[in-house]
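Predicted model, so just to flag it, every value in this text is computed and none were measured.
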Amino acid sequence: MTRLLYHFPSSPFSRRVRLALAHKHLVYELRDGRANAAFLDQARQQSPIKTLPIMIEPDGRALGDSGTIVHYLDAAYTEAPSLWPRKDAVGAHAALEIAALVDVALVTLVDLGSRYYDLHRDEAWTSVRGELVGRAQHSLDALAERAAAWSGTTVGTSGWGAADMWLYTCIAWLEGLPERADTNKNVAQIMTLGWQLPEALSRWADAHRERADVITLG
């Protein structure tokens, strides 16, 4: 059986898993849950996590959640290049902090602009949105400060790893939202929330846009 990755092409969560699989030199078949409703149904039958990405290993074991998948890949395929720092407390701290900040920003904006947006007519919406968008913006600003302080172009001194994948896919997704707003209701709603992508993050991403694995993402 071939390794399968059920994904949404534009999702930063799916794209970080694709970068991790490429880093580990692992072969897999992509199944687009947006283009084929049957694939989405298959994925949801394989895992109780009802969102993509979901990866199916060649032996049939299924795993959802991008963070869980990437940590699993590092534990299961130790002979391949590592994704997270090993035996390096300082490096692990930096990488995991970046990943956490990215997830706070992404999950907050996605949830507020999609799952909870129907509450925007409630009188409490303004204050709730202000608090949550403030949290997301604080995370983005903190990421920009850290990126500006790095001596190199990657989060850690050992080179491209999972934290860079987290950060790059987040930046690319946020940068791409304006051109998708006319055709995607949820994206249009996210654009109304009042956040801003710091220029320092786009400048950091510039160093990685021509990577072969990044280009493959499309």
Side-chain angles (χ1 to χ4, degrees), residues 1-89 91-107 110-111 114-115 154-156 158-173 176 186 208 211-218:
M1 176 180 174
T2 302
R3 179 179 294 102
L4 304 177
L5 182 65
Y6 292 91
H7 76 129
F8 295 137
S10 62
S11 162
F13 305 101
S14 295
R15 288 158 70 90
R16 65 174 62 154
V17 174
R18 291 176 61 189
L19 289 174
L21 287 163
H23 191 73
K24 288 287 188 181
H25 307 297
L26 295 172
V27 177
Y28 63 98
E29 176 187 323
L30 274 175
R31 293 193 172 179
D32 185 346
R34 292 217 188 281
N36 189 326
F39 286 163
L40 184 58
D41 184 59
Q42 290 170 18
R44 288 176 170 171
Q45 291 180 30
Q46 293 287 337
S47 172
I49 296 179
K50 300 300 183 182
T51 187
L52 305 190
I54 290 175
M55 185 182 73
I56 314 296
E57 282 283 70
D59 62 7
R61 289 177 298 132
L63 196 59
D65 180 77
S66 62
T68 301
I69 293 170
V70 174
H71 279 287
Y72 162 78
L73 292 174
D74 230 13
Y77 302 98
T78 56
E79 73 285 356
S82 61
L83 290 158
W84 302 99
R86 297 174 182 170
K87 299 180 180 179
D88 176 6
H93 180 278
L96 292 170
E97 182 194 38
I98 294 300
L101 288 169
V102 166
D103 281 347
V104 167
L106 276 180
V107 172
V110 169
D111 283 350
S114 57
R115 294 178 177 89
T154 56
V155 174
S158 59
W160 180 258
D164 302 287
M165 299 169 194
W166 255 241
L167 185 55
Y168 181 83
T169 52
C170 172
I171 295 167
W173 184 74
N186 287 339
H208 305 289
R211 289 180 55 88
D213 51 355
V214 166
I215 291 173
T216 301
L217 294 175

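- Atom-to-atom distance recorded for Arg34:CZ and Ser14:OG is 8.5 Å, nearest 0.5 angstrom.
- Scanning all heavy atoms of the two residues, the minimum distance from Gly159 to Asp164 falls at O-OD2, 3.6 Å.
- Residues forming a side chain to side chain donor-acceptor pair (under 3.5 Å) with Tyr168 (at least two apart in sequence, or on another chain): none.
- Stacking of Arg15 on the aromatic ring of Trp173 is not recorded, the 6.0 Å distance cut-off and the 45° axial limit not both being met.
- Taking 4.5 Å as the limit, every side-chain heavy atom of Arg115 sits out of range of all side-chain heavy atoms of Asn186.
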(request) Run the numbers on Ile56 and Met1 for side chain to side chain contact (heavy atoms under 4.5 Å, CB included), then give the verdict. (result) CA-CA 9 Å; Ile56 314 296; Met1 176 180 174; 3.4 Å; yes
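- Here Arg18 does not pair with Asp213 in a salt bridge; the nearest charged N to carboxylate O distance is not below 4.0 Å.
- Cation-pi geometry between Arg3 and Tyr28 is not satisfied (NZ or CZ under 6.0 Å from the ring centre, within 45° of the ring normal).
- Proximity of Leu52 to Ser11: side-chain heavy atoms (C-beta onward) are nowhere separated by under 4.5 Å.
- Residue pairs meeting the ring-ring contact (aromatic ring centres under 6.0 Å, His included) criterion with at least one partner in residues 51-87, sequence neighbours excluded, are His71-Trp84, Trp84-Trp166.
- A salt bridge is defined here as a Lys NZ or Arg NE, NH1 or NH2 lying under 4.0 Å from an Asp or Glu carboxylate O, and Asp103 with Arg16 meets this definition.
- Two residues are said to be in side-chain contact when any heavy atoms from C-beta on lie closer than 4.5 Å; Lys24 and Asp74 meet this criterion.
- Of all heavy-atom pairs spanning Ala20 and Leu73, the tightest one is CB-CD1, 4.1 Å.
- Interatomic distance, CG of Leu30 versus CG of Leu21, reported as 8.5 Å (0.5 Å rounding).
- Legend: residues meeting side chain to side chain contact (heavy atoms under 4.5 Å, CB included) with Glu97, ordered by chain and number and at least two apart, are Leu101, Arg146.
- In this structure, CG on Leu217 lies 4.5 Å from CG on Leu19, to the nearest 0.5 angstrom.
- Taking both residues in full, the closest heavy atoms of Ala62 and Gln46 are given as CB-O, 3.4 Å, listed atom of the first, atom of the second, then distance.
- A distance of 8.5 Å separates CG in Leu4 from CD in Gln42, rounded to the nearest 0.5 Å.
- A distance of 7.0 Å separates OG1 in Thr51 from CZ in Arg44, rounded to the nearest 0.5 Å.
- Here the side chains of His25 and Pro81 are in contact, with some heavy-atom distance below 4.5 Å.
- The heavy-atom pair separating Pro12 from Leu106 by the smallest distance is CG-CD1, 3.9 Å.
- Pairing each heavy atom of Ile69 with each of Val17, the nearest pair is CG2-CG1, 3.8 Å.
- The CG atom of Asp32 sits 9.0 Å away from atom OG of Ser10, with the distance rounded to the nearest 0.5 Å.
- Pairing each heavy atom of Ala163 with each of Ile98, the nearest pair is O-CG2, 3.9 Å.
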